[in-house]
Asks: 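Take this structure first; my questions come after.
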Protein chains: 2
Amino acid sequence: MHATTATESLTRSVEDYLKAIYRLSPEGRPASTSDIAHLLELSAPSVSGMVKRLSELGLLEHIPYKGVQLTDSGRRAALRMVRRHRLIEVYLVQFLGYPWDAVHVEAERLEHAVSDTLVERMAAALGHPAVDPHGDPIPEADGSIREPACTPLSELDVGDTVEILRVDEREPERLRYLASLGLIPGAVVRVEDRQPFGGPVTVEAAGARQVLGQELAHVVLCGAEGVR
Amino acid sequence: MHATTATESLTRSVEDYLKAIYRLSPEGRPASTSDIAHLLELSAPSVSGMVKRLSELGLLEHIPYKGVQLTDSGRRAALRMVRRHRLIEVYLVQFLGYPWDAVHVEAERLEHAVSDTLVERMAAALGHPAVDPHGDPIPEADGSIREPACTPLSELDVGDTVEILRVDEREPERLRYLASLGLIPGAVVRVEDRQPFGGPVTVEAAGARQVLGQELAHVVLCGAEGVR
DNA sequence: TCTCATGATTAGGCAACCCTAATTCGGGAT
DNA sequence: ATCCCGAATTAGGGTTGCCTAATCATGAGA
Ligand SMILES: [Mn+2]
Ligand SMILES: [Mn+2]
Ligand SMILES: [Mn+2]
Ligand SMILES: [Mn+2]
């Protein structure tokens, strides 16, 4: 097992592929070509081609017609990018006054351009934050990460009172809308009503009642434990 | 004269070429293929090829076997990159504790990844500085720039007392060495001795006498006016 | 005017990434 | 056991941007 640590420097494309694949395989379950293509907004043949290259680089394992799985080396590289991305997001919010809906696009480019030194200086300046502006946990420099259990707002029961931990959304307009309702990480909400068959959820947040469609309720992730 | 303002987004390579050509043509005098190749550490044929593409993009004018000259559009794009580069350098020094010898490499990558918004936020956070850590003037957002006249330390006369305005050097080791002698922008030095035929220059800086070889004395640029 | 060194360009290739069109594979339904 | 559909891969192409080797233009000096 030759520890392929000398990964030199990966291209922007490669780094984004690894990040996408990491995102698509929570427990190392294989990710499909079409899922990757969809997430990265690329054609399936492009993904097939890149997958071949990545497996030759030892960054993932590919079982044709089955899917891909990151190797240790690939997962390490992916987590490095996730750390960069999320730390950059926090930095932009804390030190440069960015709103939470604008940081993703900026970080998506910067993550490939910063040096390890710069990332760690930002982390230090921020006091080594644990989560990014959307509540996503920031991997440690050593590659460890702790994903707290959470439940979509859309799956809670009426009467539940929970803290919002994460908001799994990238579209600026949706993020702004959610923030305008007070639905941001750290907020405590109570489920007031929930209609069946994908109907809307009514919550109390920031002292006001909000009705939320299924689509949005699905991206608001709440602490598994109820708040007393 | 169709004002090619909609330059879309240039590639990293294109941006670095424009910056290099700008640097090589102080008063719009044409830059040669080999000078560009040397500055960017590329082969001459690579430059020839890129020059063709850039002139097709309307970013420069090429007279074969003569040289290239930036168009207005090209100069605007180049100055935009210079502004980014220098502001990033200042930001890294002021807010992230970078030493002046380390900022160039970092900025060389970041300049291509930051958005206009981010650059301007950094500029505002810095209070819109006029010069970068090496004393190089930062172009305004509108593309204007004022290059103060300056003279290399190697060309001053014995007895001259001047302020160091700029240090035109990128190699970290040389920059650290110069800083260790107190030869940084803002410092006032007096020329104590100067040997002929490319010999060393002796200066008094920070209360100590320093002997400086021609090569280094050439990159230390001083105010044209003597300091009383 | 002719020669020739030097610098520039052209010729020909390669690697990274992307695409569309054509083909092939795998597994569920008949 | 076959058929077929959808997913995946292969075939074939294009762009960017770099390279080395070969050719060519320019102008200084003979
Ligand atoms: Mn990215
Ligand atoms: Mn985020
Ligand atoms: Mn650069
Ligand atoms: Mn500088």
Side-chain angles (χ1 to χ4, degrees), chain A residues 4 6-21 24-25 29-70 73-74 77-78 81 108-109 111-113, chain B residues 4 7-21 24-25 29-70 74 77-78 81 108-109 111-113:
Chain A
T4 315
T7 316
E8 249 303 327
S9 75
L10 306 173
T11 66
R12 175 178 176 167
S13 274
V14 167
E15 289 174 340
D16 280 337
Y17 269 91
L18 293 176
K19 214 157 44 102
I21 294 164
L24 289 171
S25 21
R29 213 180 303 94
S32 75
T33 298
S34 51
D35 284 350
I36 301 168
H38 186 257
L39 186 58
L40 293 177
E41 300 184 275
L42 297 173
S43 71
S46 297
V47 174
S48 272
M50 179 61 92
V51 157
K52 188 175 309 168
R53 249 174 295 155
L54 294 182
S55 71
E56 277 158 11
L57 286 173
L59 294 166
L60 52 77
E61 219 125 357
H62 180 214
I63 305 174
Y65 294 97
K66 284 294 186 171
V68 300
Q69 228 169 318
L70 293 177
S73 163
M81 296 312 295
E108 196 58 55
R109 273 175 289 107
E111 63 189 0
H112 311 287
Chain B
T4 314
T7 316
E8 251 298 332
S9 73
L10 306 173
T11 66
R12 177 181 175 166
S13 273
V14 167
E15 290 174 339
D16 280 338
Y17 269 92
L18 294 176
K19 212 157 45 99
I21 294 164
L24 289 172
S25 19
R29 215 180 302 95
S32 75
T33 298
S34 52
D35 284 351
I36 301 168
H38 186 256
L39 187 57
L40 294 176
E41 298 185 275
L42 296 172
S43 71
S46 298
V47 174
S48 272
M50 179 62 92
V51 158
K52 189 176 309 169
R53 250 176 293 157
L54 294 183
S55 72
E56 277 157 10
L57 286 173
L59 294 167
L60 52 78
E61 220 126 355
H62 180 213
I63 305 176
Y65 292 97
K66 286 293 185 170
V68 299
Q69 227 169 318
L70 293 177
M81 296 313 294
E108 197 57 54
R109 273 174 289 105
E111 64 189 0
H112 312 286

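In what follows, chains carry the letters A, B, and so on, assigned in the order in which the sequence lines appear, proteins first and then strands, with residues in each chain numbered from 1. Predicted model, so just to flag it, every value in this text is computed and none were measured.
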Asks: Check whether any side-chain heavy atom of B/Leu24 sits under 4.5 Å from a side-chain heavy atom of B/Leu39, and report yes or no.
Replies: yes
Asks: Between NE2 of B/His112 and CG of B/Asp16, what distance do you get to the nearest 0.5 Å?
Replies: 3.5 Å
Asks: If you pin B/Val47 and A/Val47 to their nearest nucleotides in DNA chain C, which one's is more 5'?
Replies: B/Val47
Asks: Quick one: do B/Leu10 and B/Leu59 satisfy side-chain contact (heavy atoms from CB on, under 4.5 Å)? Show the steps, please.
Replies: CA-CA 11 Å; B/Leu10 306 173; B/Leu59 294 167; 4.2 Å; yes
Asks: Using a cut-off of 4.0 Å on non-hydrogen atoms, how would the nucleic acid contact of A/Thr33 be classed: base, sugar-phosphate, or nothing?
Replies: sugar-phosphate
Asks: Rounded to the Å, how far apart are B/Met50 CE and D/dT16 C1'?
Replies: 8 Å
Asks: For the pair B/Glu108 and B/Lys19, find out whether any cationic side-chain nitrogen is under 4.0 Å from an anionic carboxylate oxygen.
Replies: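 B/Lys19 and B/Glu108: salt-bridged.
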Asks: In whole Å, I'd like the distance from the CD1 atom of B/Ile63 to the P atom of D/dG27.
Replies: 12 Å
Asks: Can you tell me the distance, in whole Å, between the CG atom of B/Leu10 and the P atom of D/dT15?
Replies: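 Whole-Å distance recorded here is 18 Å.
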Asks: Does D/dT16 have its OP1 or OP2 closer than 4.0 Å to a side-chain nitrogen or oxygen of B/Arg53?
Replies: no
Asks: When you measure from the side-chain N and O atoms of A/Ser13 to the phosphate of C/dC18, is any distance below 4.0 Å, counting only OP1 and OP2?
Replies: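 Looking at the OP1 and OP2 atoms of C/dC18, one of them is under 4.0 Å from a side-chain N or O of A/Ser13.
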Asks: Please report, rounded to the nearest Å, how far the C1' atom of D/dT16 is from the CD atom of B/Glu56.
Replies: 13 Å
Asks: Using a heavy-atom cut-off of under 4.0 Å over every strand shown, decide if A/Ser34 touches base, sugar-phosphate, or nothing.
Replies: sugar-phosphate
Asks: To the nearest angstrom, how far is B/Asp35 atom CG from C/dA8 atom C1'?
Replies: 13 Å
Asks: Tell me the interatomic distance from A/Leu54, atom CG, to D/dT9, atom C1', rounded to whole angstroms.
Replies: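 These atoms are roughly 16 Å apart.
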Asks: Distance check needed: D/dG17 P versus B/Leu18 CG, whole Å only.
Replies: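 These atoms are roughly 11 Å apart.
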Asks: To the closest 0.5 Å, what do you measure between OG (B/Ser55) and CG (B/Leu70)?
Replies: 12.0 Å
Asks: OP1 or OP2 of C/dT9 less than 4.0 angstrom from a side-chain nitrogen or oxygen of B/His62, does that happen here?
Replies: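 Answer yes for this pair, as a side-chain N or O of B/His62 is under 4.0 Å from OP1 or OP2.
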Asks: Within this structure, what is the CG-CG distance for the pair B/Leu60 and B/Leu54, rounded to the nearest 0.5 Å?
Replies: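 If we round to the nearest 0.5 Å, B/Leu60:CG and B/Leu54:CG are 5.0 Å apart.
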Asks: When you measure from the side-chain N and O atoms of B/Ser48 to the phosphate of C/dT10, is any distance below 4.0 Å, counting only OP1 and OP2?
Replies: no
Asks: So what does B/Ser46 touch, heavy atoms closer than 4.0 Å: a base, only the sugar-phosphate, or nothing?
Replies: base
Asks: Round to a whole Å and report the spacing from OH of A/Tyr65 to C1' of D/dA8.
Replies: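 One finds 5 Å between C1' of D/dA8 and OH of A/Tyr65, rounded.
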Asks: Hey, which of these two, B/Ala44 or A/Thr11, hits DNA chain C nearer its 5' end, going by closest nucleotide?
Replies: B/Ala44
Asks: When you check the phosphate oxygens OP1 and OP2 of D/dT9, does a side-chain N or O of A/Lys52 lie under 4.0 Å from one of them?
Replies: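 Answer no for this pair, as no side-chain N or O of A/Lys52 is under 4.0 Å from OP1 or OP2.
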Asks: Phosphate oxygens OP1/OP2 of D/dC18: is one of them under 4.0 Å from a side-chain N or O of B/Tyr17?
Replies: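 Affirmative; the distance criterion is met.
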Asks: With a 4.0 Å cut-off on heavy atoms, is A/Ser43 in touch with a base, just the backbone sugar-phosphate, or nothing at all?
Replies: base
Asks: Taking only side-chain N and O atoms of A/Lys66, does any of them lie within less than 4.0 angstrom of OP1 or OP2 on C/dG27?
Replies: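 Looking at the OP1 and OP2 atoms of C/dG27, one of them is under 4.0 Å from a side-chain N or O of A/Lys66.
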